Visitor: 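So that we are looking at the same thing, I have put the structure below in structure tokens.
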Amino acid sequence: MIQVAQLGAFRNDGRTRSRSVLERRFGPRLSVNADFTRRTVSYQGNKDVPGFRWMKYKEGFSRELVLKLVNEHDPTAVLDPFAGIGTAPLVAAGCGKYAMGIEIMPVGIIAGKGMVAAANGVTSAEFDCAARSLLGRVRHQRCAPPEFAFPHVRITEGAFPLCAESEIGKARQFIAGVSDSSVRRLLELACISVLEECSYTRKDGQYLRWDYRSGRPQAKTDFGFIPPFYESLSKRLDEMLQDFSALKAWYGGGRPELVKGSSLSVLRSLPANRFDMVITSPPYANRYDYTSSPWCNRGFLRFQ
Ligand SMILES: C[S@@+](CC[C@H](N)C(=O)[O-])C[C@H]1O[C@@H](n2cnc3c(N)ncnc32)[C@H](O)[C@@H]1O
């Protein structure tokens, strides 16, 4: 049985022939679960949840939803072929299940593995020490050499105020020198998660809107206060440190497999009947390209 949330996708308007064919085939296997609310099936339910609040991934569903489904059905092995930031595999693994997530977007894997690292390998003392050193580097050291400058692509040129651009270079230089890959991942995640708010841009679907202060022609919007990179990073690192104990309690010992790639190919390589439960929210059936967001999928990730 497939449980679904009753959202817009099930409205009757715009029905096409192929859609009717799919509905005839799978309709009898669908049940609409009235217990799911907009809060459980969207990111809203994760907004203040330790770990998930680090990366505001609006396409995600909530920890609460996965807990509910896993507790109700008690599966052995859970798969999410469109794992996003890893909500389903992380939470299911935390419940003692074998769990795998497949995600095409690098930042999803970074976020998921970051939470796993905080829950398992890295201690809060190690993270605290690395975070302080990073902040010290960003605040006090001289500019980083040009090779550590933010790797802009054409559409991100001029996205940061000059001071942020310089601080980002210093952060990149520091992170490149961190030898522990789990600590490095957590620091990268912290930096990536604040890039947008420190920039003159805001993600709008797969495009960027620009603030007038960027000096870009036609940029007229005023995003209000744009925090310095150091300030945002410092807040995020604090928040991450605060969340360590909850993550260890909830997911410690759980080792979800987070696979970076397309489920179109990865699924073919998995043994049949490996999973007895799939919890997923597939990509929207439009032309939205999840991999195209410059803040999520470029920049700091180039270290990898
Ligand atoms: C609606 S989101 C799922 C969010 C997830 N439930 C969470 O809580 O974070 C759909 C995800 O599917 C991913 N995706 C799209 N095409 C994919 C593919 N071919 N293989 C794997 N992941 C894919 C997108 O990058 C996106 O993160």
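Start at 1 and go down the list; that is how both ligands and their atoms are numbered. Fair warning: this is a prediction, and the values are worked out from it, not measured in the lab.
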Visitor: Decide whether an N or O pair under 3.5 Å exists between L264 and ligand 1.
Guide: no
Visitor: For P81, state whether at least one heavy atom is located under 4.0 Å from any atom of ligand 1.
Guide: yes
Visitor: Assess whether a salt bridge exists between E23 and R19, defined as any Lys/Arg side-chain N lying under 4.0 Å from an Asp/Glu carboxylate O.
Guide: yes
Visitor: With R202 as the cation and F223 as the aromatic partner, state whether NZ or CZ is under 6.0 Å from the six-membered ring centre and within 45° of the axis.
Guide: yes
Visitor: Does any non-hydrogen side-chain atom of I102 lie less than 4.5 Å from one of L79?
Guide: yes
Visitor: Under 6.0 Å from the CZ atom of R213, do we count more than 12 heavy atoms belonging to anything else shown?
Guide: yes
Visitor: Give the contacting part of A83 toward ligand 1: side chain, backbone, both or neither, where contact means a heavy-atom distance below 4.0 Å.
Guide: backbone
Visitor: Is there a polar contact, in the sense of an N or O pair closer than 3.5 Å, between I104 and ligand 1?
Guide: yes
Visitor: Just jot down the ligand 1 atoms closer than 4.0 angstrom to any heavy atom of T87, in number order.
Guide: 7 (C), 8 (O), 9 (O)
Visitor: With a 4.0 Å cut-off, would you call R185 and E188 a salt bridge?
Guide: no
Visitor: Is S62 close enough to touch ligand 1? Criterion: a residue heavy atom under 4.0 Å from a ligand atom.
Guide: no
Visitor: Look at K203 together with E196 and state whether they make a salt bridge at an N to O cut-off of under 4.0 Å.
Guide: no
Visitor: Only heavy atoms of S281, strictly under 4.0 Å: list the atoms of ligand 1 that pass.
Guide: 1 (C), 2 (S), 3 (C), 10 (C)
Visitor: Suppose I only count heavy atoms of I85 and a 4.0 Å limit; which atoms of ligand 1 are within that range?
Guide: 9 (O)
Visitor: Using a 4.5 Å cut-off on heavy atoms from C-beta on, say whether the side chain of S281 contacts that of F82.
Guide: no
Visitor: For atom 26 (C) of ligand 1, which candidate among F52, F82, Y57 provides the closest heavy atom?
Guide: Y57
Visitor: What atoms of ligand 1 come within less than 4.0 Å of a heavy atom belonging to G60?
Guide: 4 (C), 7 (C), 8 (O), 9 (O)
Visitor: Out of M105, E59, E103, indicate the one that has the non-hydrogen atom closest to atom 25 (O) of ligand 1.
Guide: E103
Visitor: Are V91 and Y251 close enough that some pair of their side-chain heavy atoms sits under 4.5 Å apart?
Guide: yes
Visitor: For G261, take its heavy atoms, then give the atoms of ligand 1 lying under 4.0 Å from any of them.
Guide: 20 (N), 21 (C)
